[in-house]
Amino acid sequence: MPEGLIVKALSGYYYVKPALAAAEGNVQCRGRGIFKKKGVTPLVGDRVIYTPTENGEGTVDEILPRETELIRPPIANAKLAVLLFSLREPDLNLQLLDKFLVHIEHAGLKTLICLTKGDLLDEEEDEAAESLLRVQKLYRSIGYEVIVTSSATGAGTGEVKARLAGEISVFSGQSGVGKSSLLNAMLGLSLETSEISLKLGRGRHTTRHVELIELENGGYVADTPGFSQLDFLELGVEELSGCFREFAEYAEACKFRGCSHLHEPGCKVREAADRGVIAASRYEHYVQFQEEMKEKKRRY
């Protein structure tokens with residue numbers, strides 16, 4: 001039976017791209033009833049075995065083992081998360097960026113931080129330029145790759161595209177940051193874009209469903225719905241500190257095993273934050289996320 005890749009899921013149908021290069025077009029498939037019985041849902045990004053039917057459609061029979069699985073957006077086998085945050089309109093939101101990074105670390109994906117709308121940053125604004133340099137320096141020091149882009153000028157778009165070669169990538173970030181515009185600029189597409197509401201400081205969601213866009217360099221981009229907020233329901237409180245990369249070397253030396261890094265004596269993470277070795281913004285966001293998670297647990 002042939003193998004393929006689910007590149008789109010819509011209205012109960014799975015659109016499978018055959019693995020054989022000679023095959024033309026995607027095959028519209030239904031999932032077997034056994035998936036529902038087992039509580040399994042085929043996802044975009046799944047590599048599957050399917051059976052063609054007489055009417056030119058097919059049936060998904062088996063889902064091959066997944067390397068990664070995201071709950072939101074629902075996508076399998078993504079290797080790279082491209083997190084898009086704008087420098088202007090809406091302004092850069094580091095708390096939300098750190099929240100995305102927590103989720104991506106928990107999911108086990110590699111991360112590329114893409115700061116969009118670089119053309120809106122007035123180079124004569126010393127304060128804005130210094131702020132951008134601080135942000136780049138901070139996240140690069142933690143070990144994240146950071147690229148500044150502009151869909152208007154094309155700056156950085158070639159660099160981002162090169163990083164997408166050969167794997168499934170997820171583009172996510174704050175609504176209205178220019179995700180569709182960046183994809184259009186990089187790939188020559190015409191995805192729908194939306195104007196930013198200056199009153200609200202955020203854009204309307206323009207992407208309705210998850211779909212893989214194939215690149216000529218062998219990669220796939222998951223064009224996914226944008227998010228304006230994330231929750232921590234799928235993450236345990238004890239897992240949070242492990243999602244802050246720079247905590248690891250200090251956490252090993254904490255006096256107590258299972259240290260929450262909030263109030264325990266002999267906490268090396270808190271000491272590092274007090275010394276400024278761990279950025280104040282990162283530690284503050286860690287504390288805020290701890291509180292948010294505890295509050296959610298009380299509610300649920």
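In this chain, residues are counted from 1 in sequence order. Note that these values count all heavy atoms, side chains included, but never hydrogens, waters or copies made by symmetry.
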Under 3.5 Å, side-chain donor or acceptor atoms of residues 34-44 against the rest of the protein: list the pairs with distances, not counting sequence neighbours.
none

Handout entry: With Tyr283 via ring-ring contact (aromatic ring centres under 6.0 Å, His included) - residues at least two apart
Key = none

Exercise for the section: State the CD-CD distance between Gln288 and Glu292, to the nearest 0.5 angstrom. Expected result: 9.0 Å

Practice task
Determine, step by step, whether Arg134 and Leu138 satisfy the side chain to side chain contact (heavy atoms under 4.5 Å, CB included) criterion, reporting the C-alpha distance in whole Å, the side-chain angles of both residues, the deciding distance to 0.1 Å, and the verdict.
Solution key: CA-CA 6 Å; Arg134 278 198 304 273; Leu138 165 58; over 6 Å; no

Exercise for the section: State, with a plain yes or no, whether a side-chain heavy atom of Cys114 is found less than 4.5 Å away from one of Val160. Expected result: yes

Practice task
Write out all pairs satisfying salt bridge (Lys or Arg N to Asp or Glu O under 4.0 Å) with one or both partners inside residues 139-151, taking only residues at least two apart or from two chains.
Solution key: Glu145-Arg163

Handout entry: Backbone of Val102 reached by a side-chain donor or acceptor of His106 within 3.5 Å
Key = no

Handout entry: Under-4.0 Å salt bridge between Glu264 and Arg257
Key = no

Handout entry: Heavy-atom pair with the smallest gap, counting every atom of Leu235 and Cys243
Key = CD1-SG, 4.4 Å

Fill in the blank from the handout: Under a side-chain separation threshold of 4.5 Å, the hydrophobic residues clustered together with Leu64 are Met1, Ile49

Handout entry: Whether Asn77 side chain and Gly45 backbone form a donor-acceptor pair below 3.5 Å
Key = yes

Fill in the blank from the handout: Checking Phe100, Tyr144, Phe171 against Leu83 for side-chain contact (heavy atoms from CB on, under 4.5 Å), the one that qualifies is Phe100

Completion exercise
The reported gap from CD in Glu167 to CG in Asn217 (rounded to nearest 0.5 angstrom) is 10.0 Å

Handout entry: Atom pair CD1 (Ile278) and NZ (Lys268), whose distance is rounded to the nearest 0.5 Å
Key = 12.5 Å

Exercise for the section: Classify the angle between the aromatic ring planes of Tyr13 and Tyr15 as parallel (below 30°), tilted (30 to 60°) or perpendicular (above 60°). Expected result: tilted

Handout entry: CG-CG distance between Leu109 and Leu112, expressed to the nearest 0.5 angstrom
Key = 12.0 Å

Exercise for the section: Start with the C-alpha gap between Leu101 and Ile142, add the side-chain angles, then the distance that decides, and say whether side chain to side chain contact (heavy atoms under 4.5 Å, CB included) holds. Expected result: CA-CA 11 Å; Leu101 288 172; Ile142 296 168; over 6 Å; no

Practice task
List for me each residue that meets ring-ring contact (aromatic ring centres under 6.0 Å, His included) alongside Phe289, sequence neighbours excluded, and say none if there are none.
Solution key: Phe232

Completion exercise
Minimal heavy-atom distance between Val16 and Gly4, with the atoms involved, is CG1-CA, 3.7 Å

Fill in the blank from the handout: Interatomic distance, NZ@Lys110 vs NZ@Lys79, rounded to 0.5 Å, equals 6.5 Å

Exercise for the section: Name the orientation class of the two ring planes belonging to His261 and Tyr286 (parallel below 30°, tilted from 30 to 60°, perpendicular beyond 60°). Expected result: tilted

Problem - Closest heavy-atom pair and its distance - Ala78, Val170 - result: CB-CG2, 3.4 Å

Practice task
Write down the atom of Ile75, the atom of Ala222, and the distance for their closest heavy-atom approach.
Solution key: CD1-CB, 3.2 Å

Practice task
To the nearest 0.5 angstrom, please state how far the CG atom of Leu240 sits from the CD atom of Gln290.
Solution key: 5.0 Å

Completion exercise
What one should report as the nearest heavy-atom pair of Ser11 and Arg30 is O-NH1, 3.9 Å

Practice task
Among Thr59, Asp46, Ile6, Val7, find the residue that satisfies the side-chain contact (heavy atoms from CB on, under 4.5 Å) test when tested with Tyr14.
Solution key: Ile6

Problem - Contacts of type ring-ring contact (aromatic ring centres under 6.0 Å, His included), residue Tyr220, not counting sequence neighbours - result: none

Completion exercise
Closest non-hydrogen atoms of Glu57 and Asn55, given as atom of the first, atom of the second and distance, are N-OD1, 3.0 Å

